[in-house]
There are 2 protein chains.
Amino acid sequence: MISQARSHSVKRIADSTVRRLSAYLRFLEESAVDGVETISSDALARRGGTTSAQVRKDLSFFGSFGKRGLGYSVPELTSSLRDILGLGREWNVIIVGAGKIGMALGQYEGFEQRGFHVTAVYDTDPGKIGTQWGSILVRDMSRVEADIAEVTPDIAVLAVPVGEAQDAADRLIRAGVKAILNFAPTQLQVPGDVSVRNVNMAMELEGLSFILSNRDR
Amino acid sequence: MISQARSHSVKRIADSTVRRLSAYLRFLEESAVDGVETISSDALARRGGTTSAQVRKDLSFFGSFGKRGLGYSVPELTSSLRDILGLGREWNVIIVGAGKIGMALGQYEGFEQRGFHVTAVYDTDPGKIGTQWGSILVRDMSRVEADIAEVTPDIAVLAVPVGEAQDAADRLIRAGVKAILNFAPTQLQVPGDVSVRNVNMAMELEGLSFILSNRDR
DNA sequence: ATACACTTGTGAATGATTTCACAAGCTCGG
DNA sequence: CCGAGCTTGTGAAATCATTCACAAGTGTAT
């Protein structure tokens, strides 16, 4: 048994580490398709844009998964990483906001593939409620509390206009949601036991704008 | 004159700093709408989920913008931040990939509002080429090099399927693109003079999954 | 059975970022 | 004009993250 994920003590794991673990997992999955059986920290690093020491350090927080002289078994490390990232189960996800982004997300296959099951999409617009997009039915936002009381979703994806984002978040949190993926370009105010991740395209573009503006000084 | 953006020496500015500057700018714009004239680092911090010392340190890399005892002038700091972030001009953006995400992005008003002008959308699918979505016409990807030779876009947004992302990036880079906003869930391999920002929804969900799985140990 | 080439796991060192803490500057009221 | 009350700007300290460097395993070839 090489795998021993989570037997380690609980130092707080940095966000950057978790992101890299995701990246390693993706690359491992690609490698498995190509029939690779074993992979070194160096190969993993090159592909992920980091260093081999970083890869080994990241993994060392959770256990020891490799064989000296040889590297890591692709299927074993894949399985360990899934386990570490909590992907060993299905997560229920609701999407709030059936605009362009909400609907694009609802139909994105990548979610289901990784165990994120979209159980419902909500909107307040009567013109949208009841419409079907692929396999997804848009439900009335006024029902969201009642629905959540029955089956609490693990994660809520917020894809509403910026002006409605805080209100929507407050409702979801009051109803018991503990994790939000926020697409609205605003910093949500949430209690400490609620986790938020932001996806903010304007901010990313501004980051590029900054880099381009400051390239050469 | 309080504003003195960019007169400072050029320590490398951390990515995290730039993201926070974006957040401050957004909040300043909201405050201006509410008629606020002056704001303290503490108010800025509370709203942005950071500390007042962090706000002041972030700004101090670029100059000194406040008045002791009073805080920052909202319009002056807004203008300074715009300047720092390189938002004093229009940036030309092309979108590559006219799938759901590409089209949602193309129609997102937030881009134009902040000076990111979408000049073209490209796809390889003959069924999509020539179609019009709002004001945006989908063009033939095979023309992209010729178009770029005429007017180099400042930023390319990559919204193609993961299997095509690296090839598309290579083409764009060969044609002279120096900044890419990548929505494909893959780590692009690019030369050192090309800047890439990644937006990866699966990775964000996995980050939440990790947090939810490790909450209580 | 041994030597060799390779790769991990991890303390220690370095580097980067955040927080602390406080002098200095500004405004306002009297 | 002076003192009280705020708030900035910034070195120094503390914390956090990455890189270095190497002992300790592992597989392979002879």
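Everything numeric in this text was worked out from a predicted model, so none of it was measured. Only heavy atoms go into these numbers, but all of them, side chains included; no hydrogens, no water, no symmetry mates. Chain letters run A, B, ... following the sequence lines, proteins first, then strands; residues in each count from 1.
Evaluated for a side chain to side chain contact (heavy atoms under 4.5 Å, CB included) with Asp154(B), the options Lys178(B), Glu90(B), Arg89(B) yield exactly one hit, Arg89(B).
A sub-4.0 Å separation between OP1 or OP2 of dT7(D) and a side-chain N or O of Ser41(B) is absent. The phosphate of dG9(D) (OP1 or OP2) has a side-chain N or O of Ser64(B) nearer than 4.0 angstrom. The shortest distance between the side-chain N/O atoms of Gln54(A) and the OP1/OP2 oxygens of dT19(D) is below 4.0 Å. In terms of phosphate contacts, Ser60(B) brings no side-chain nitrogen or oxygen within less than 4.0 Å of OP1 or OP2 of dG9(D).
For the pair Lys57(A) NZ and dT14(C) P, the computed distance is 15 Å after rounding to whole Å. With rounding to whole Å, Asp58(B) atom CG is found 10 Å from dT19(C) atom P. Rounded to whole angstrom, the span from the CG atom of Leu59(A) across to the C1' atom of dT10(C) amounts to 13 Å. Note: CZ (Phe61(A)) to C1' (dA17(D)) measures 8 Å, nearest angstrom. Residue Leu77(A) contributes atom CG, which lies 14 Å from atom C1' of dT7(C) at whole-angstrom precision. When rounded to the nearest whole Å, the span between CG of Leu70(A) and C1' of dT8(C) equals 10 Å. Atom-to-atom, CG of Asp42(A) to P of dT8(C) comes out at 8 Å; the value is rounded to the nearest Å. Between Glu37(B) atom CD and dT27(C) atom C1' there is a gap of 16 Å when expressed in whole angstrom units.
Proximity note for Arg56(A) (side chain, C-beta onward) versus dT19(D), dC20(C), dG9(C): the nearest is dG9(C). Checked against dT18(C), dA21(D), dA21(C), the side chain of Ala53(B) finds its nearest nucleotide in dA21(C). Side-chain atoms of Ser40(A) lie closest to dT7(C) of the nucleotides dG9(C), dT7(C), dT8(D). Of the candidates dG9(C), dG11(D), dA21(C), the closest approach to any side-chain atom of Tyr72(A) belongs to dG9(C).
Within the 4.0 angstrom heavy-atom criterion, only backbone atoms of the sugar-phosphate kind lie near Ser16(B); the bases stay farther away.
Put simply, the side chain of Arg68(B) and the base of dT7(D) share no donor and acceptor less than 3.5 Å apart.
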- [ ] Determine, stepwise, if the pair Glu29(B) / Gln113(B) fulfils side chain to side chain contact (heavy atoms under 4.5 Å, CB included).
- [x] CA-CA 12 Å; Glu29(B) 287 168 344; Gln113(B) 280 170 16; over 6 Å; no
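Side-chain atoms of Asp170(A) and Gln166(A) include a donor-acceptor pair closer than 3.5 Å.
Summarising the local packing, CD of Glu37(B) is surrounded by 12 or fewer heavy atoms from other residues, nucleotides or ligands at distances under 6.0 Å.
Between Tyr24(A) and Phe27(A), the distance separating the two ring centers is not shorter than 6.0 angstrom.
In terms of heavy atoms, Met201(B) sits closest to Leu105(A) at SD-CD2, 3.1 Å.
Against DNA chain D, the stretch residues 20-28 of chain A makes heavy-atom approaches under 4.0 Å through Arg20(A).
Atom CG of Leu77(B) sits about 9.0 Å away from atom CG of Leu21(B), to the nearest 0.5 Å.
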